[in-house]
Amino acid sequence: MRKFETTVQELKDGVLKSVAQLAWEGKLTTGVLDIPEKLIPGPEAKMRCCIYKERAVINDRVKMAIGGDKAYPAMVEVMKVACDECPVTQIEVGPACRGCIATRCVHTCPKEAISIINHKATIDHSKCIMCGKCVSACPYSAIEKHQRPCERGCVPGAISMGENKKASIDVNKCVSCGACTYQCPFGAIMDKSYIVDVIQMLQGAERWDFRVYAVVAPSIAGQFAPATLGQVVTGLKMLGFHDVAEVALGADMTAEAESEELLEKGRLLSSCCPAFVDYVEKNFPDLAPLISHTPSPMVMIGKRIKERDPRARVVFIGPCVAKKREYQLGKTMGTVDCALTFEELYPLFASRDIDPENLEETPLDEASGFGRSFAHSGGVAAAVAQGLKEKGISEEKFQLRSVSCSGLAACKTELMKLRAALKTGNLEAVNFIEGMACEGGCVQGPGILIRSPRNQQDVEKHAQQADGRTIAAAVTGEDGKKPAKGKKTPAASASK
């Protein structure tokens with residue numbers, strides 16, 4: 001049994017596993033009401049005031065595990081009963097204040113919101129604009145900015161205090177990056193799950209004469225350790241997937257096409273991260289025309305599989321909540337039929353008593369190292385540069401001036417710089433922005449199992465195993481590397 005990093009992950013895993021087991025058995029309708037009592041048997045409460053509130057939280061998690069509120073457009077929802085009504089975001093003077101005579105805090109405040117009362121700094125919150133200048137000015141670090149974790153983690157500013165001090169999400173600002181789902185220490189925000197849809201798809205494949213393919217994102221490297229990727233592939237086939245493909249191969253296709261598009265247009269914003277694309281469209285609409293028209297790697301690999309197998313159904317498996325939103329909005333052009341996270345794949349395995357680390361390996365080796373490196377910050381820009389190189393484009397013919405943004409805060413900064421440069425007609429400005437909503441890239445996405453700096457190292461090791469394969473060779477399949485004996489690539493099996 002996996003040792004999770006947080007109790008929130010344990011709760012989520014327990015709910016998803018219970019829902020999945022009932023779905024496989026065809027007992028979801030009758031058994032779903034028993035899940036809260038099964039997971040919270042009592043009689044003692046362990047996390048909340050009483051077992052009844054704990055069960056109420058589980059009940060809301062069950063609703064999210066079977067798709068959440070279908071009428072609510074956001075991919076993440078606040079479970080009101082789970083929200084702990086964290087302290088209101090504001091700047092406070094703590095007990096460390098010495099009542100010094102320098103009063104830097106008073107002098108630095110642009111709104112005159114700080115005064116000295118009884119030899120102690122006091123803040124008038126009706127005047128305070130939360131600029132934080134006093135926090136930096138205080139030599140004793142006595143002034144602190146308290147911010148709700150969910151609000152602090154939401155760069156687009158989509159989360160605020162709603163009625164009754166509960167967190168509230170503005171769907172017009174939310175980009176489905178999913179940062180709030182792991183920033184909230186009470187697990188009060190959860191992404192909707194399509195785990196039941198995937199199970200029903202697998203169960204109906206034979207009856208309705210279609211074949212279900214799993215496409216796994218390159219950030220899967222190391223996520224199921226000590227199980228290898230090959231063992232995970234075997235586990236997926238045991239679940240009922242017809243075959244498995246690398247989304248990294250789709251990344252190779254994206255890099256090849258995007259480098260060509262960059263040559264044609266002269267300036268691009270990357271399109272592989274749907275949360276970044278959504279952020280640009282909502283916050284920088286004037287720059288939205290610069291977003292690459294090249295489909296994301298997920299769409300690219302799904303398109304290839306469906307072109308080769310008309311009976312195919314494609315399920316994306318990765319670290320990303322925004323990919324679910326991309327699918328939900330129909331932006332995948334029919335190439336992808338469902339999406340799961342690694343957090344959902346683990347309980348899906350457990351619901352069928354499949355332990356990947358005890359399985360034989362099934363080789364999966366289609367992509368280049370550049371495609372696999374899409375998973376971490378800097379990988380997309382490097383792949384586009386390689387795409388230009390493989391096309392024989394010299395620096396004299398086209399000078400690539402790229403920047404890789406790790407997290408939406410960095411994206412915001414670079415987009416503002418680009419906007420300013422374009423207004424002044426600066427022809428030497430950045431001409432390719434790689435935007436990643438998650439800090440570090442997909443390797444630190446909200447749906448991962450392990451949140452660690454090692455994730456990037458695991459992906460880099462996975463990329464090195466491509467053994468020098470070029471992007472063009474990966475896309476055409478003509479790289480000289482022979483598939484392992486008995487191996488059927490998704491492309492090969494789709495053609496039969």
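Quick caveat: nothing in here was measured; it's all calculated off a predicted structure.
Between Leu236 and Phe349 the shortest side-chain heavy-atom distance falls below 4.5 Å. Taking the side chain as every heavy atom from C-beta outward, Met79 and Val57 never approach each other to under 4.5 Å. Proximity of Phe276 to Ile433: side-chain heavy atoms (C-beta onward) are separated by under 4.5 Å at one or more points. Side-chain contact check for Asn455 versus Val459: every heavy-atom pair is 4.5 Å or farther apart. Side chains of His462 and Glu246 form a contact here, defined as non-hydrogen atoms less than 4.5 Å apart. You'll find the side chain of Lys331 stays beyond 4.5 Å of the side chain of Val299, heavy atoms only. In this structure, the side chains of Lys12 and Thr6 stay at 4.5 Å or more apart for every pair of heavy atoms. Between Asp309 and Asp243, every side-chain heavy-atom pair lies at or beyond the 4.5 Å cut-off.
The closest donor-acceptor contact from the side chain of Glu326 to the backbone of Pro274 lies at 3.5 Å or more, if one exists at all. Of the possible donor and acceptor atoms, one in the side chain of Arg152 sits under 3.5 Å from a partner among the backbone N and O of Gln147. With hydrogens and angles disregarded, no donor-acceptor distance shorter than 3.5 Å links the side chain of Glu10 to the backbone of Phe4. A donor-acceptor contact shorter than 3.5 Å is absent between the side chain of Glu281 and the backbone of Ala288. Proximity of a side-chain donor or acceptor of Lys237 to a complementary backbone N or O of Thr362 within less than 3.5 Å is not detected. A distance-only check finds no donor-acceptor pair linking the side chain of Asp458 to the backbone of Val443 [under 3.5 Å]. A donor-acceptor contact shorter than 3.5 Å links the side chain of Lys192 to the backbone of Ala74. Under a 3.5 Å cut-off, the side chain of Gln386 and the backbone N or O of Ile471 do not form any donor-acceptor pair. Panel note: side chain Arg211, backbone Ala205; no donor-acceptor pair is recorded below 3.5 Å. Judged by distance alone, with hydrogens and angles left aside, the side-chain atoms of Ser406 form a donor-acceptor pair with the main-chain N or O of Gly440 at under 3.5 Å.
Few gaps surround CD on Gln203; more than 12 heavy atoms of other groups in view lie less than 6.0 Å from it. Enclosure of atom CD in Gln9 by more than 12 non-hydrogen atoms of other residues, nucleotides or ligands within 6.0 angstrom is indicated. Within a 6.0 Å sphere centred on NZ of Lys461, heavy atoms belonging to other residues, nucleotides or ligands number 12 at most.
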Would you give me the side-chain donor-acceptor pairs under 3.5 Å for residues 407-417, sequence neighbours excluded?
residue: Thr413; atom: OG1; partner: Ala409; partner atom: O; Å: 3.2

Quick one: side chains of residues 445-454, donor-acceptor pairs under 3.5 Å with protein atoms, not counting sequence neighbours, listed by atom name and distance.
residue: Arg451; atom: NH1; partner: Gln444; partner atom: O; Å: 2.8
residue: Arg451; atom: NH2; partner: Gly445; partner atom: O; Å: 3.0
residue: Ser452; atom: OG; partner: Arg454; partner atom: N; Å: 3.0

Trace of the side-chain hydrogen bond (donor to acceptor under 3.5 Å, both in side chains) decision for Gln464 with Glu460: CA-CA 6 Å; Gln464 291 169 3; Glu460 288 174 349; 5.8 Å; no
From CA spacing to verdict: side-chain contact (heavy atoms from CB on, under 4.5 Å), Met253, Lys303: CA-CA 11 Å; Met253 299 175 202; Lys303 183 173 182 288; over 6 Å; no
side-chain contact (heavy atoms from CB on, under 4.5 Å) assessment of Val232 paired with Leu364: CA-CA 10 Å; Val232 172; Leu364 181 62; over 6 Å; no
Stepwise salt bridge (Lys or Arg N to Asp or Glu O under 4.0 Å) test for Asp278 and Lys282: CA-CA 6 Å; Asp278 201 10; Lys282 289 179 175 178; 3.5 Å; yes
Stepwise side-chain contact (heavy atoms from CB on, under 4.5 Å) check, Leu239 with Trp24: CA-CA 11 Å; Leu239 282 171; Trp24 286 115; 4.1 Å; yes
side-chain hydrogen bond (donor to acceptor under 3.5 Å, both in side chains) assessment of Ser259 paired with Lys391: CA-CA 9 Å; Ser259 60; Lys391 287 180 173 62; 2.9 Å; yes
Steps toward side-chain contact (heavy atoms from CB on, under 4.5 Å) verdict (Glu151, Gln183): CA-CA 9 Å; Glu151 290 184 17; Gln183 292 284 358; over 6 Å; no
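Here Ser18 contributes atom OG and Ile58 contributes atom CD1; the two are 8.5 Å apart, rounded to the nearest 0.5 Å. For the atom pair NZ of Lys173 and CD1 of Ile159, the computed distance is 11.5 Å after rounding to the nearest 0.5 Å. Note that NZ of Lys423 and CZ of Arg419 are 6.0 Å apart. Values are rounded to the nearest 0.5 Å. Distance check, rounded to the nearest 0.5 Å: CG of Asp209 to CZ of Arg207 gives 13.0 Å. One distance of note links CG of Leu290 with CZ of Phe284; it measures 12.5 Å at 0.5 Å rounding. Between the CE atom in Met238 and the CG atom in Asp355 there is a gap of 10.0 Å [rounded to 0.5 Å].
Of all heavy-atom pairs spanning Glu258 and Val384, the tightest one is OE1-CG2, 4.0 Å. Across all their heavy atoms, Phe370 and Ala382 have their closest contact at CD2-O, 4.3 Å. Counting all heavy atoms, side chain and backbone alike, Glu434 lies closest to Ser270 at CA-OG, 3.5 Å. Residues Val196 and Ala65 share a closest heavy-atom pair of CG2-O, 4.2 Å. Across every non-hydrogen atom of Pro347 and Glu343, the tightest pair is CD-O, 2.8 Å. Counting all heavy atoms, side chain and backbone alike, Val32 lies closest to Leu22 at N-CD1, 3.8 Å.
Scored by the ring pair (Phe, Tyr, Trp, His ring centres under 6.0 Å) test, Tyr327 finds Tyr194 as partners (sequence neighbours excluded). With sequence neighbours excluded, no residue forms a side chain to side chain donor-acceptor pair (under 3.5 Å) with Asp170. With sequence neighbours excluded, the residues that form a side chain to side chain donor-acceptor pair (under 3.5 Å) with Thr341 are Glu344. Among residues two or more places apart in sequence or in another chain, the side chain to side chain donor-acceptor pair (under 3.5 Å) test is passed with Arg325 by Gln328.
Salt bridge status for Arg469 with Asp252: absent, with no side-chain N to carboxylate O gap under 4.0 Å.
Side-chain N/O atoms of Thr294 and Thr254 include no donor and acceptor closer than 3.5 Å.
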